[in-house]
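For reference, the structure is listed below as C-alpha cells.
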Protein chains: 2
Amino acid sequence: MITSTTGPQPADFADVRATNLAVVLRFVREHAPCSRAGIAASTGLNKATVSSLVADLIDRRLVRETGLTENRVGRPATMLVLDGSPYAAIGVQIDADSVSAVATDLAGERLLTWRRAFSGGDSVNQGVAGIGAIVRRVVNRMAKEERQVLGLAVAVPGLVDAQGAVRHAPSLGWHDADLAGDLTKALRDPGFPIQVDNDANLAALAEQRFGAHAGAGDLIYLTGEPGVGAGIILDGRLRRGGLGYSGEIGHVQLDPVGPACHCGRRGCLEAMAGIGAVLGRTPEPAEVQLEIEETVRLARAGDARTLARFESAGRNLGRGVAILANLLNPEVVILGDHYVPLAPWLLPAVRDELDERVIAAGAGGCQVVASTLGHDAAALGGAARVLDSVDSGRLPGGLSRIP
Amino acid sequence: MITSTTGPQPADFADVRATNLAVVLRFVREHAPCSRAGIAASTGLNKATVSSLVADLIDRRLVRETGLTENRVGRPATMLVLDGSPYAAIGVQIDADSVSAVATDLAGERLLTWRRAFSGGDSVNQGVAGIGAIVRRVVNRMAKEERQVLGLAVAVPGLVDAQGAVRHAPSLGWHDADLAGDLTKALRDPGFPIQVDNDANLAALAEQRFGAHAGAGDLIYLTGEPGVGAGIILDGRLRRGGLGYSGEIGHVQLDPVGPACHCGRRGCLEAMAGIGAVLGRTPEPAEVQLEIEETVRLARAGDARTLARFESAGRNLGRGVAILANLLNPEVVILGDHYVPLAPWLLPAVRDELDERVIAAGAGGCQVVASTLGHDAAALGGAARVLDSVDSGRLPGGLSRIP
C-alpha cells in the first residue's frame, strides 16, 4: 500500500565527499576571497575535512590560493578564490534567424559571445551542420586559451523531451530530432557532454544564476519571441514535468472567441499578447528587431493607436501572468527578449491585471520585471546549466582522483 | 555576481546518520519483510552500518524483527518489518459543514476515522473549540492504545501561508487566523507539532502516498468541493510557491464573458466547472451530497438536460486541466471529492479537451482519473504529512539517542 519517492537517498562515503566538494566549491563561488577557517565556520564541516577538500579542489584547478590574508587577530590565513582558468562552459541558442554561442569560465564570466545567421527553414541536417560549425570554432578558441570544455547545452525554441530530443519546434520546422546525438556525431565525439533543452528553461536558469533576481527560489521566465514559452523554477530547481514538456503557456486560451492563432485555435496567449499582438502583425524573423524599434519610437511620440495596442497586449499578458501567479505563486515573473524594450508600456497593464485577478493579497508577492540579460539569455543559460552540473558535484576529472 | 541556492548542502556526520536512518526506514516501509543483508545490497550502505542503523530503529520501536527467515542458501536471516505500534499520525480536515479526523499508524494503516458536524459560519474561536474537541478525543483514544502522537496536520479550504496562518477561507468566513497557534493553546501544548495546510495540498500528499497513482513524481489533485483548488506535486514534492499560495486554479478565467462567479469576476473555472455548474445551482453545504446523488440518478436515467450540463461542465473542466497539462506536464491529474461520483460523465469530455488543447502529443502523457481515496482525502493527507516528516529523518525521540 505504501510507496514514496520523496524521501532522502542513502549517503555513502564517496557521495558524502562529492557533496562536500561541491559545497566548498559553491561557498568559494559565493564568498571568495575566503579562508579555510571561514569555510569551516560557515559550512559546519570540520577544519581537517575542509583542508582536504580544498587540496582536492586546488589539485583540480577549480580553486586557487591568493596572496591576500584576512585582517584579523592571530596567524594570517591564506585566502582562496575560484580558479577555473583551465575550464569553459558553452551555451548555444537557436533562433528562427540566428544561432548564438556564449562561453563562460567557471565563475560565469563571459569569455566570448558570437552570433551567426541561421535559416529557420533549414532541415535538421543543415541546422546541425550550422550549429556544429559555430561550436567547433568556439571549442578551437577555448583550446587556444588552454581551457577544457566542461560541456555544451543547446537551447531550442520548442518542445524538448526529458531525454533532450526535439519533439516539435514549429519556428524551425523540426520534428522528432535527436539533436544531441546528431551534434555529437557532427563534432566527432568531442569528449564533453552535450545537452539539449527548451529555450525558456535555459533562460530561466540564466536568470537564476546571473539575473537581477538571481537566487530567487520561485522564478518564471517568459520568452518574448514570436512564440511565448515559460521556464518554471520552483523551490530552486527547474520543473520540467513528467516528460519534459512543461512551460507551454503560449497556447493557453484567454478568450474562446479571441483572435485566430497560427496554431488553428482562437484566443491563445500568443495571439493576444505575443510580439505579433504588440506590433499589430507578425513580421519576418529578420524584421522583428527593426519593427519593435519603430513601434517604440511611435509610442514615445505618443501615437494613440500604438499606445492602445500596447495597453491591450499588456492586459492580455497580465491575464496570462495572473494564471501563473494563482497556480504557482512565484516570487518573480521575468519578461524576456523582445518584451524588454516594450516593458515600460506593458508592465503597468500587466500589474493592474495581476492586482485584479490574483486571489492572494498583493498578487501573492509576485513581482513582474523585464529581464536584464539581453537577447542571448538562453545561450547564457546553456552555460549556466553546464555550471549547475559542476556545482551539483559532477566535477571535472571525475572522482577517480579522490584518495 | 554569482549566487545560487540550488546546490547540495554540506553533509556532516550527524546529518549522514539521520539521512541513512531515514533511508533504511523507508526501505523497510516499501520492501518489508526484508533482511539486513537485503537492505545493504539495495541501498549501497555497508553491512556494519546497516546493522547499527537497524539497531537504532529497533530501539526506537520503528522497526521490529519477525520470526521469518529468507528462503536462501546459507545462514537464515532474521527478517525486519515496520513496527510503529507505539505511534500515531493525526490528520484533520475542515469542511463547510463537518470536521473529519483520521489517525494512522506508522505504516499508514488507518486506526480511526471520525467525523462530526461543524458550522462553517462559526467564528475562528468556535472553530478552534470544535476542532480541539475532536482532536482531544483522538489523542485520548491513542493514549489508551499506548500510542505516542507524532504530529497533527489540519487541512483548511482556503489560502494558507507558508507559516501555516489561514489568510482567507471564504467558505468558513475566516481571515488571518493563526490556527496552529490557537489549536496549540486549546490543546494546552500537547507535546506534538501542529501544522496547518491547504486542503488540496494535503489531499495531493494523500494521493502520493496512498492513492492509485502513489509514487508518481508529477501529480496534481483537484478538489471537487464547491470551490476548486489544486495540490501540485512536481518532482516528488509539494510545490507551495514563494509564500505558500500556489494551487489557486478556481478563479482562473476561462471566458471573459462567461457566467458570473461568486468572487465578482466572470467565467472563472469554479463558475464554469465547479459542483455548482454540474448541478445547475449551488446548494447549501449540507445538501450537496444528496443533490449529487439525485443528479447522478437523472444522468443514469438518460435525462437530456442533466447529460448536457455534465458534458458542458466536463468540457470546461477539461479546459482547466489543459492549462495544467500545458504549463506543468503532470503524469496524472486526479479529480477528488464530489467530482468522483460524476467522473464517468465528466472524464470523457475532459479527455477530449485535453487532446484538443495540449501542445505535446498524447496530452503530454497526462492521465486524468477519479480519486479512489474518498471524501476525507485531505484528513488522510494530514496524517501523510506527519509521516513525511518521519520519512525525511525527523524521527521520534530525536537524534539525542544516537551513540
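Chain naming here is simple, since letters A, B, ... match the order of the sequence lines and numbering starts at 1 in each. All values derive from a computational prediction rather than experimental measurement.
Note: R319(B) leads R319(B), R167(B), E331(B) in heavy-atom pairs under 4.5 Å with chain A. Ranked by heavy-atom pairs shorter than 4.5 Å toward chain B, the options L159(A), D161(A), L328(A) are led by L328(A). Most heavy-atom pairs under 4.5 Å with chain A, from the set L327(B), D218(B), I323(B): that is L327(B). Contacts with chain B were tallied for P256(A), G364(A), G258(A), A360(A); P256(A) has the most, counting heavy-atom pairs under 4.5 Å. Contacts with chain A were tallied for E356(B), R240(B), H168(B), R265(B); R265(B) has the most, counting heavy-atom pairs under 4.5 Å.
N326(B) contributes no side-chain N or O that, together with a main-chain N or O of I249(A), makes up a donor-acceptor pair within less than 3.5 Å.
Contact of N329(B) with chain A is made through backbone and side chain together, with heavy-atom distances under 4.5 Å. Interface remark: I233(B) contributes no atoms to any contact with chain A (heavy atom separation under 4.5 Å). L254(A) touches chain B through its backbone: at least one of N, CA, C or O sits under 4.5 Å from a heavy atom, while the side chain does not. Interface residue L238(B): only backbone heavy atoms are found under 4.5 Å from chain A. Both the backbone and the side chain of L243(B) come within less than 4.5 Å of a heavy atom in chain A.
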task = Report the C-alpha distance between D255(B) and V257(A) in whole Å, list the side-chain angles of each, state the deciding distance to 0.1 Å, and finish with yes or no for side-chain contact (heavy atoms from CB on, under 4.5 Å).
result = CA-CA 9 Å; D255(B) 187 347; V257(A) 295; 5.9 Å; no
message = Show, in sequence, the C-alpha distance, side-chain angles and deciding distance for R357(A) and H251(B), and conclude whether the side-chain contact (heavy atoms from CB on, under 4.5 Å) test is met.
response = CA-CA 8 Å; R357(A) 292 170 183 274; H251(B) 301 281; over 6 Å; no
task = Evaluate side-chain contact (heavy atoms from CB on, under 4.5 Å) for I232(B) paired with L234(A), printing each intermediate quantity in order.
result = CA-CA 11 Å; I232(B) 299 171; L234(A) 298 173; 5.8 Å; no
ask   = salt bridge (charged side-chain N to carboxylate O under 4.0 Å, His left out) between R239(A) and D235(B): does it pass, once the steps are laid out?
value = CA-CA 7 Å; R239(A) 302 301 164 187; D235(B) 294 324; 2.9 Å; yes
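Between Q253(B) atom CD and Q253(A) atom CD the span is 11.0 Å, to the nearest 0.5 Å.
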